[in-house]
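First up is the structure itself, then whatever we jot down about it.
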Number of protein chains: 2
Amino acid sequence: MKQITKKVIKNSLKRIFLYRACLVKLKLMGVEKVFSYTLANETGVTSDQVRKDFSEFNIKGNKRGGYDINVLLEKMEKIFHRSKDNNIVLIGMGNMGLALSKYSKFAQRNMNIVATFDIDPFKQKLRSGIPVYSMSRLKEIIDRFGVKVAILAVPEISAQEVADELIRYGIMGIVNFAPVLLKVSPDVIINNVNLCDELESVIYYVHKLMKVDGLKNLELLYRDMKY
Amino acid sequence: MKQITKKVIKNSLKRIFLYRACLVKLKLMGVEKVFSYTLANETGVTSDQVRKDFSEFNIKGNKRGGYDINVLLEKMEKIFHRSKDNNIVLIGMGNMGLALSKYSKFAQRNMNIVATFDIDPFKQKLRSGIPVYSMSRLKEIIDRFGVKVAILAVPEISAQEVADELIRYGIMGIVNFAPVLLKVSPDVIINNVNLCDELESVIYYVHKLMKVDGLKNLELLYRDMKY
DNA sequence: CTTTTTTTGTGATTTGTTTCACATCAATTC
DNA sequence: GAATTGATGTGAAACAAATCACAAAAAAAG
Ligand SMILES: NC(=O)c1ccc[n+]([C@@H]2O[C@H](COP(=O)([O-])OP(=O)(O)OC[C@H]3O[C@@H](n4cnc5c(N)ncnc54)[C@H](O)[C@@H]3O)[C@@H](O)[C@H]2O)c1
Ligand SMILES: NC(=O)c1ccc[n+]([C@@H]2O[C@H](COP(=O)([O-])OP(=O)(O)OC[C@H]3O[C@@H](n4cnc5c(N)ncnc54)[C@H](O)[C@@H]3O)[C@@H](O)[C@H]2O)c1
């Protein structure tokens, strides 16, 4: 049987996120220059891997001189398309939606939630500085702000229907917090964030860890479950 | 250079989560029996992969008869250690912590947030049905409920310090919402949930998608960025 | 200015994962 | 009840990712 959809979020891209987190931290500490092994030590990947990843994204350093932290961060900004602003809409202003709408890091990274939407008239008022609209204004706002990416924080039961609507109006990528597998055409990017699964996988590994009594089986140990 | 920490959350385990999500949905629709290709169609992986994954976790079906959905779900419960209850603590009752504390799915899956904690006396009162304690009672509660897993939703600046405290009191696994790389001993499981990164990776792929004009380069297309 | 040291960048090699291919089994058909 | 059909389960083959190993470059030392 042939596979129709495929996993294409590359491990190397995930590690680029990791390197950046690390670089941000180092920069705050006043560091200006890093070597592949600096990043390696901090992140737990090998220095070879760091360089291989950089080479994949065409990031070049200086032979013997390592990498300038600012240049590196700048190149990463480019990779993540953060030179320009990205307008986002958020659907569902319940518990999760409200928390997300108040999260300042998104805006700090040029990802602006320009509007939020909810079906419940009770929630359609200004909270957290971002307007809450009724669903009837969705198309208008998406068009006006040229929005391409949405955050979906509605109950499971409504997730598919709202996703369909978003896609009809031109949304091309969705971060979906509802624990359902959305059925969409393959030219739409869906990123499912399933917090139950995240918690469960920690439990899974903790149980596993407890079974290898005396920590004899070091093969099974690890620090971070993702890159 | 040798790698000290390694990625061990296996793709196969991630896909088991995916299969389960799918099975839950099918069960609700009244389906009782599935074949490897049923799951394959629903999830976008190949039927071979489904069977290989099952074989890794020692899940057996019936030749020609496929798999009984209930048996399958039961075996997965076992894999995720959900026969017994898992007690969880949640640290940081700000925006994110509050939303999480109100999320009923955790309890539905036997993951009980038995207590929440905050440094701010103002937040130390009952909200959302779960008590909010001062940090001074952390050890007591962890001991009393035999808690092994924590959710960390405090500001970045405090994340490391609180993580250290948790680990000192016996916590073995942490779901960390703060966008910082925690430094911990390798026998502690850290699962970083970085929502900025999740959003950014969608933006990354949407931009990529827009560049392959006319959708000619189908190689680049995909439905779900993770398994 | 030559040698040594240090670090990058990348083919070659190894290791890991997915797909293929088919033997095996059990239900169904004839 | 023999033959056919339609599934599983799993080694073998193909593919992908990570590690190794070393040439190339540049800085530092002599
Ligand atoms: N709260 C959490 O911590 C949490 C954690 C993980 C996942 N989730 C998931 O996120 C989603 C939202 O969770 P929540 O806790 O915020 O739920 P919630 O019930 O508090 O909020 C849902 C919001 O969506 C709105 N809504 C419902 N149908 C809608 C529609 N068709 N169009 C627009 N808006 C609609 C509701 O009015 C409500 O305000 C759920 O799918 C949930 O499973 C929540
Ligand atoms: N709000 C979101 O949507 C969101 C999204 C992604 C990530 N995060 C991350 O989650 C964390 C919390 O975010 P938030 O928006 O809820 O922030 P917040 O400021 O609303 O809440 C933080 C809470 O932690 C408490 N706290 C601070 N120091 C503490 C300590 N040492 N011990 C115990 N409690 C302490 C504070 O009193 C506050 O109640 C942050 O690291 C943030 O980056 C938040």
Side-chain angles (χ1 to χ4, degrees), chain A residues 1-19 23 26 31-69 71-72 75 219-220 222-227, chain B residues 1-16 18-19 23 26 31-69 71-72 75 219-220 222 224-227:
Chain A
M1 193 205 154
K2 268 285 169 61
Q3 189 168 25
I4 26 151
T5 59
K6 41 173 168 174
K7 177 196 171 186
V8 243
I9 187 162
K10 294 210 211 83
N11 289 338
S12 52
L13 182 68
K14 283 199 228 165
R15 284 190 300 263
I16 296 283
F17 282 115
L18 184 63
Y19 302 146
L23 290 169
L26 291 171
V31 182
E32 289 183 353
K33 209 173 66 172
V34 292
F35 303 107
S36 59
Y37 60 80
T38 323
L39 283 169
N41 284 338
E42 292 285 321
T43 58
V45 301
T46 65
S47 49
D48 312 289
Q49 185 74 80
V50 173
R51 294 200 302 281
K52 254 269 148 78
D53 289 338
F54 283 2
S55 123
E56 181 172 347
F57 288 94
N58 253 298
I59 293 172
K60 307 252 171 208
N62 316 299
K63 289 255 162 83
R64 202 191 163 139
Y67 306 83
D68 180 287
I69 220 169
V71 173
L72 221 40
K75 293 210 170 161
E219 295 290 357
L220 278 174
Y222 34 93
R223 180 189 295 160
D224 195 335
M225 302 199 314
K226 315 180 210 168
Y227 279 119
Chain B
M1 193 206 157
K2 268 284 170 57
Q3 190 169 22
I4 26 153
T5 60
K6 42 175 172 172
K7 176 196 173 185
V8 242
I9 186 161
K10 294 211 212 82
N11 289 338
S12 53
L13 183 67
K14 283 198 231 166
R15 283 190 301 262
I16 296 283
L18 185 63
Y19 303 147
L23 289 169
L26 291 171
V31 181
E32 289 182 355
K33 208 174 67 172
V34 292
F35 302 107
S36 59
Y37 60 80
T38 322
L39 283 169
N41 284 337
E42 292 284 322
T43 58
V45 301
T46 65
S47 50
D48 310 289
Q49 185 73 81
V50 173
R51 294 200 304 280
K52 255 273 145 79
D53 289 338
F54 283 2
S55 121
E56 181 171 348
F57 287 94
N58 252 299
I59 293 172
K60 308 248 172 212
N62 316 300
K63 287 257 162 80
R64 205 195 159 137
Y67 306 83
D68 180 288
I69 219 169
V71 173
L72 220 40
K75 293 210 170 161
E219 294 291 356
L220 278 174
Y222 36 75
D224 195 334
M225 302 199 315
K226 316 178 210 170
Y227 278 118

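We name chains A, B, ... by the order of the sequence lines, and we start the count at 1 in each one.
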Starting at atom [atom1] of [X], determine the distance to atom [atom2] of [N], rounded to an integer number of angstrom.
X	N	atom1	atom2	value
A:F35	D:dA27	CZ	P	12 Å
B:L72	D:dG9	CG	P	10 Å
A:L13	D:dA17	CG	C1'	15 Å
B:K14	C:dT17	NZ	C1'	13 Å
B:D48	D:dG6	CG	C1'	15 Å
B:Q49	D:dA14	CD	P	18 Å
B:K33	D:dA7	NZ	C1'	10 Å
A:F54	C:dT7	CZ	P	15 Å

Partners of B:Y67 by side-chain hydrogen bond (donor to acceptor under 3.5 Å, both in side chains), sequence neighbours excluded?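 Per chain and number, B:Y67 pairs via side-chain hydrogen bond (donor to acceptor under 3.5 Å, both in side chains) with no residue.
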Pairs of donor and acceptor atoms involving the side chains of residues 56-66 of chain A, under 3.5 Å and at least two apart or interchain, shall be tabulated with distances.
residue : atom : partner : partner atom : Å
A:E56   : OE1  : A:S12   : OG           : 3.2
A:E56   : OE2  : A:K10   : NZ           : 3.3
A:E56   : OE2  : A:S12   : OG           : 3.4
A:N62   : ND2  : A:G66   : O            : 3.2

Locate the shortest heavy-atom distance separating A:K33 from A:V31; write the atom from each residue and the value. O-CG1, 3.4 Å
For B:A40 and B:S47, work out which heavy atoms get closest and say how close. CB-N, 3.5 Å
Atom pair [atom1]/[atom2] of [X] and [Y] - distance to nearest 0.5 Å:
X	Y	atom1	atom2	value
B:L26	B:I69	CG	CD1	5.0 Å
B:D53	B:D48	CG	CG	10.5 Å
B:K52	B:R15	NZ	CZ	11.0 Å

Close side-chain approach of B:S55 and B:R51, heavy atoms under 4.5 Å: no
Do B:L18 and B:L39 touch side chain to side chain, with heavy atoms closer than 4.5 Å? no
Using a heavy-atom cut-off of under 4.0 Å over every strand shown, decide if A:S12 touches base, sugar-phosphate, or nothing. nothing
Have a look at B:Y67 and say if it touches a base, only the backbone sugar-phosphate, or nothing, with a 4.0 Å heavy-atom cut-off. sugar-phosphate
Between protein and nucleic acid, restricted to nucleotides 12-16 of chain C and to nitrogen or oxygen atoms under 3.5 Å apart, what atom pairs and distances do you find?
residue : atom : partner : partner atom : Å
C:dA12  : N6   : A:K52   : NZ           : 3.4

Let me spell it out: for each of A:S36 and B:D53, pick the nucleotide of DNA chain C with the closest heavy atom. Which residue's pick is nearer the 5' end? A:S36
Of the listed nucleotides (C:dA21, D:dA7, C:dT8), which one gets closest to any side-chain atom of A:R51?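 Between C:dA21, D:dA7, C:dT8, the one nearest the side chain of A:R51 would be C:dT8.
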Counting only non-hydrogen atoms, which of residues 55-65 of chain B are less than 4.0 Å from DNA chain C? B:K63, B:R64
